[in-house]
Number of protein chains: 2
Amino acid sequence: MANIRDLAKEAGVSVSTVSRVLNGYPYVSEEKRKAVWEAVEKLNYTKNIQAVHLAKGRTMIVGVMLPYIHHPYFSAVIEGISKEALRYGYQLLLFQTNYDVERELEALERLRMKQMDGLIVCSHEVGWEIFDAYQEEAPIVLCEQVTEYDFFTVYIDHYQAFAKALHYLVKKGHRRIGYCIGRRTGPNSQAREAAYQDVLRDVGVTPQRQWIFDGCLFLEDGKRVIEQWMAMEERPSALLVTSDQVAAGIVLEARRIGVRIPEELTIIGFDNDPLAEMLGITTVALPHFTLGEKAFRLLHHWLETGNVPRKQEELPTRLVVRATG
Amino acid sequence: MANIRDLAKEAGVSVSTVSRVLNGYPYVSEEKRKAVWEAVEKLNYTKNIQAVHLAKGRTMIVGVMLPYIHHPYFSAVIEGISKEALRYGYQLLLFQTNYDVERELEALERLRMKQMDGLIVCSHEVGWEIFDAYQEEAPIVLCEQVTEYDFFTVYIDHYQAFAKALHYLVKKGHRRIGYCIGRRTGPNSQAREAAYQDVLRDVGVTPQRQWIFDGCLFLEDGKRVIEQWMAMEERPSALLVTSDQVAAGIVLEARRIGVRIPEELTIIGFDNDPLAEMLGITTVALPHFTLGEKAFRLLHHWLETGNVPRKQEELPTRLVVRATG
DNA sequence: TTGTACGCGTTATCAC
DNA sequence: GTGATAACGCGTACAA
């Protein structure tokens with residue numbers, strides 16, 4: 001493969017002149033410029049981007065750490081990141097972790113190795129203190145709320161979102177309120193749990209353990225939920241559901257087996273998925289796409305300006321009332 | 001940041017010895033090995049991966065070219081790619097194109113620049129001849145069927161899949177058969193169209209123009225389809241639908257407005273999405289995840305062995321009969 | 001306006 | 001076992 005020196009020889013100029021022409025710098029005579037481009041043609045030259053990265057100490061690559069891709073939540077976030085990355089001329093390097101700590105650490109090590117200029121963390125398993133340490137060496141933006149440490153963060157306030165939906169239910173007279181959750185360990189789930197405990201305590205209701213449905217991630221899980229619900233002695237009259245996908249599963253299975261919604265069971269989902277609109281599911285709209293966009297912009301700002309004013313940005317949510325609640 | 005020379009100085013050895021230790025080569029005395037690792041600790045050293053890439057002429061990165069990420073089809077494919085990439089120690093660089101030719105060319109240029117070792121193309125807009133040209137310089141694997149050129153390809157035979165579903169419908173007595181499609185220009189859509197024309201001709205039916213519903217990509221589009229269907233004079237008695245998402249849209253809206261399925265309208269979707277199972281939609285199962293896996297493995301084989309025996313791999317489909325057809 | 005020479009950080013090839 | 005030293009390919013002061 002031809003390199004910049006071959007070009008210089010072919011065009012009869014120096015390597016720096018070649019470099020100037022290739023990168024569009026001024027102060028190069030028209031004839032030399034032309035000679036260089038002709039050499040490029042003749043030798044079928046292409047710049048080796050790895051060498052550029054090494055020489056410049058920058059890659060214009062941003063890493064994205066997420067557990068799964070094939071999931072409405074994460075694929076929406078990454079779509080937002082991708083859109084903004086494209087706009088600012090950055091590329092995206094994917095780190096799918098499956099919540100495996102080893103893989104998360106691998107991604108962070110890659111950041112230290114300067115494989116990318118910065119990292120966006122969509123969700124994770126390892127402790128904040130780890131990120132805090134790596135943050136000293138390279139820019140990291142997190143997509144989850146964190147209070148104890150000082151990070152660059154863009155997040156949806158799941159506590160408020162959950163509380164909002166709960167207050168709505170309480171106002172409508174519900175007292176036996178349950179909820180479905182994905183992974184209980186995640187910060188989002190913790191926030192939801194906290195809101196649940198707080199609001200129910202405030203209205204003087206003692207939540208029952210079996211009103212909480214764990215491991216609800218996909219459409220299919222909704223089916224299981226409604227089956228469990230059917231088998232219960234003291235059934236909740238309303239459920240806040242992880243996501244609209246799961247809520248859709250509940251609603252469809254309920255229809256199938258003749259459970260009337262919302263008369264017998266009120267359902268509120270999260271996300272504002274097109275499926276929720278189609279099925280008339282009341283939901284809390286969450287701005288996932290915007291989350292990705294803002295996360296990238298925050299990182300971009302950090303990369304371009306270089307200053308490290310820790311910053312948090314909170315994204316608003318909105319209750320969309322439809323037929324199920 | 002400390003580099004390999006700093007390490008050498010600190011440990012009192014040469015850079016070559018440092019390199020040997022860092023990369024686990026034999027023939028290094030235990031004491032020097034120890035000295036190097038101590039220096040690594042002391043100087044908080046991390047290898048600069050860009051320099052490694054430049055020196056080795058390999059990146060262990062594979063590019064993935066796709067139009068969108070936030071789409072069940074593509075996110076399944078990329079999940080499959082990702083899984084295999086992880087297994088073989090490769091990283092994934094994302095090229096979201098939105099079917100914009102400029103961006104597709106940009107991805108191909110990046111391949112020439114050796115930013116990645118190979119490229120997997122999930123879907124595209126530019127002509128085959130372009131890929132054919134770039135293929136001379138670096139490995140490319142395509143996820144669509146192509147007959148005119150000689151490529152590395154893994155694909156689902158959409159012609160056969162469509163024909164299979166059509167024959168099933170014909171056997172059940174349907175003659176007025178229509179179909180929904182996403183982008184008509186894609187090779188998959190072309191294959192489906194060809195199957196449609198062929199099968200209907202064979203059974204002596206002249207397809208009507210309005211039996212073909214274009215631009216059907218998402219759940220919401222299903223609603224539009226059923227509305228159009230309602231307004232028609234001579235309605236098709238059966239529809240083959242782009243994807244289960246769109247099929248679900250049709251089925252749900254049909255239920256809502258009281259169109260009986262399958263009595264008035266038979267529906268067959270594609271993908272075998274969980275939503276199809278939940279709604280009892282008859283569908284042709286398409287192995288998207290496997291497609292991604294196989295695509296990566298093919299590329300991997302090419303990268304590791306270096307030989308270029310052009311190869312095509314076809315993936316099987318399966319008709320899953322449920323309630324809607 | 002142009003060219004020389006060095007830096008970027010690592011790996012690979014020799015010679016010892 | 002070990003150490004110089006030359007690649008790898010490009011960017012960029014600095015000098016001219």
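Please read all numbers here as calculations on a predicted model, not as lab measurements. Chain letters run A, B, ... following the sequence lines, proteins first, then strands; residues in each count from 1.
On the nucleic acid side, DNA chain C contacts chain A at distances under 4.0 Å to non-hydrogen atoms, with the end points of that region at C/dT1 to C/dG9. Nucleotides of DNA chain D that come within less than 4.0 Å of any heavy atom of chain B span, from the 5' end to the 3' end, D/dG1 to D/dG9.
The side-chain tip of A/R183 points at the ring of A/Y99 from less than 6.0 angstrom away and within 45° of straight on.
Legend: residues meeting ring pair (Phe, Tyr, Trp, His ring centres under 6.0 Å) with A/Y25, ordered by chain and number and at least two apart, are absent. Partners of B/E293 under the salt bridge (Lys or Arg N to Asp or Glu O under 4.0 Å) rule, at least two apart in sequence or in another chain, are B/K83.
Between the side chain of A/Q91 and the backbone N or O of A/M60, no donor-acceptor pair lies under 3.5 Å. Looking only at distances, a side-chain donor or acceptor of B/N23 sits under 3.5 Å from a matching main-chain atom of B/S19. Using modelled atom types, no side-chain atom of B/E125 and backbone atom of B/V101 make a donor-acceptor pair closer than 3.5 Å. B/N98 places no side-chain N or O within 3.5 Å of a backbone atom of B/D100 that could act as its donor or acceptor partner.
Mapping B/K32 and A/V15 onto DNA chain D via the closest heavy atom, the residue that lands nearer the 5' end is B/K32.
More than 12 heavy atoms of other residues, nucleotides or ligands sit less than 6.0 Å from atom CD of A/E129.
B/V13 comes within contact range of the sugar-phosphate backbone alone, with a heavy-atom separation under 4.0 Å but no base atom that close. B/S29 comes within 4.0 angstrom of the backbone, heavy atoms only, and of no base.
The aromatic rings of B/F131 and B/F151 lie perpendicular to each other, with more than 60° between the two planes, well past the 30° mark. The aromatic rings of A/Y68 and A/H71 lie parallel to each other, their planes meeting at an angle below 30°, with 60° marking the opposite boundary. B/Y73 and B/H288 have perpendicular rings, their planes meeting at more than 60° on a 0 to 90° scale where under 30° would count as parallel.
At a non-hydrogen distance threshold of 4.0 Å, B/S19, B/N23, B/Y25 from residues 17-25 of chain B come into contact with DNA chain C. Listed in residue order, the members of residues 40-57 of chain A having a heavy atom less than 4.0 Å from DNA chain C are A/L54, A/A55.
A salt bridge does not link A/E31 with A/K34: none of the charged nitrogens is closer than 4.0 Å to a carboxylate oxygen. The pair B/E106-B/R103 does not meet the salt-bridge criterion, since no charged nitrogen lies less than 4.0 angstrom from a carboxylate oxygen.
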